[in-house]
Amino acid sequence: MQRFFIADIHLNQDEPGITTGFLHFLQSLPSNSELYILGDLFDYWIGDDIVDQLSQQISQQLNQLKSRNIATYFIHGNRDFLLGQTFAKLCSMTILPEVSVLKNSDENIVILHGDLLCIDDLSYQKFRRKMHSKWLQCLFLLLPRYVRLKIATKLRHKSNLHNQQKYEYIMDVNQQAVESMMNSHHANVMIHGHTHKPAIHQFNVDGKPLMRMVLGAWHDGVNYIHQDQHGELKLIKIDN
Ligand code: LP5
Ligand code: MN
């Protein structure tokens, strides 16, 4: 079974090139494979009840994957954590827990968006806990569309301002957090996105070789990880 992993596509109305690249990528997927979307499929998501031309187009195309026997899985990102079962059903995709494990006979791959690993970013982790509070989410979803849009725009703006003042290492993953998560899931491979720093990191813990593969964002081109029938993993980057 071939698997494809992507994250941080950040689909939005203002960058039609990303949508075109994404739709081509979907077309190119082979039959009988699996697609894992590890968060931030959309630049932001403010409720399944707010559909636009872009989200309709995306749900139609994702839904069509099942006719080629391609199973689609989704893990929430920090921009689209409000994407719910209603939209997931339209896309025929299964929402997985925020940290999930793919078990093979000789390896365990832990998959996640990646923001959970950025534990040195204390203000973000505090913000994240608030955003993940169920009552706040329910309240937010009751607000009229224009108010939700206004809040999301404000949050994006604040986030950009904060990010400009943070050191690079603060916004990257913490190695201890990586090792501890891999250890608790008995994983030898980890795949995540969020940091927009595509790379393969190989390291040893207690003499065991481990690998962390980081997916890149799609602003400059197509970015994915391919696992072939033999289990070999490759990070693929096709710049525009
Ligand atoms: O997204 P990115 O990569 O630029 O930065 C992230 C962290 N930022 C975020 C915020 C998102 O971008 C906002 C997304 C909006 C989604 C839809 C709205 C749904 C609302 C639901 C309400 C229940 O995730 C950024 C990290 C960075 O990754 C790297 O890891 O650093 O974190 C921050 O910037 C957070 C700041 O550190 C603290 C934020 C203070 C916000 C102040 C709130 C102001 C209230 C205004 C509301 C009207
Ligand atoms: Mn992210």
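Start at 1 and go down the list; that is how both ligands and their atoms are numbered. Here, residue 1 is the first one in the sequence, and each next residue gets the next number.
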Query raised in the report: Angle subtended at the Mn ion (ligand 2) by NE2 of H113 and OD2 of D40, to 10 degrees?
Result: 100°
Query raised in the report: Is K126 in contact with ligand 1, taking contact as a heavy-atom separation below 4.0 Å?
Result: no
Report task. State whether the shortest distance between N or O atoms of S159 and N or O atoms of ligand 1 falls below 3.5 angstrom. Result -> yes
**Report entry** Distance, nearest 0.5 Å, that separates CZ of F5 from CD1 of I109
**Finding:** 5.0 Å
**Report entry** Residue S123 vicinity, atoms of ligand 1 by number, heavy atom under 4.0 Å
**Finding:** 36 (C), 37 (O)
Requested in this report: For the pair K89 and D48, find out whether any cationic side-chain nitrogen is under 4.0 Å from an anionic carboxylate oxygen.
Outcome: no
**Report entry** Those residues that, when tested against D239, pass salt bridge (Lys or Arg N to Asp or Glu O under 4.0 Å) (two or more places apart)
**Finding:** K237
Query raised in the report: Is D115 near ligand 1, meaning one of its heavy atoms is under 4.0 Å from it?
Result: no
**Report entry** Identity and distance of the protein heavy atom lying nearest atom 17 (C) of ligand 1
**Finding:** W45 O, 3.9 Å
Report task. Look at H194 and state whether any of its N, O or S atoms is less than 2.8 Å from the Mn ion (ligand 2). Result -> yes
Query - Partner of Q2 under side chain to side chain donor-acceptor pair (under 3.5 Å), chosen from Q227, H226, H230 - result: H226
Query raised in the report: Which atoms from ligand 1 have a heavy atom of K166 less than 4.0 Å away?
Result: 26 (C), 31 (O), 32 (O), 33 (C), 34 (O), 36 (C), 37 (O)
Query raised in the report: Ring centroid separation for F25 and W218, is it under 6.0 angstrom?
Result: yes
Requested in this report: Give a yes or no on whether the backbone of R79 and the side-chain of D40 come within a donor-acceptor separation of less than 3.5 Å.
Outcome: yes
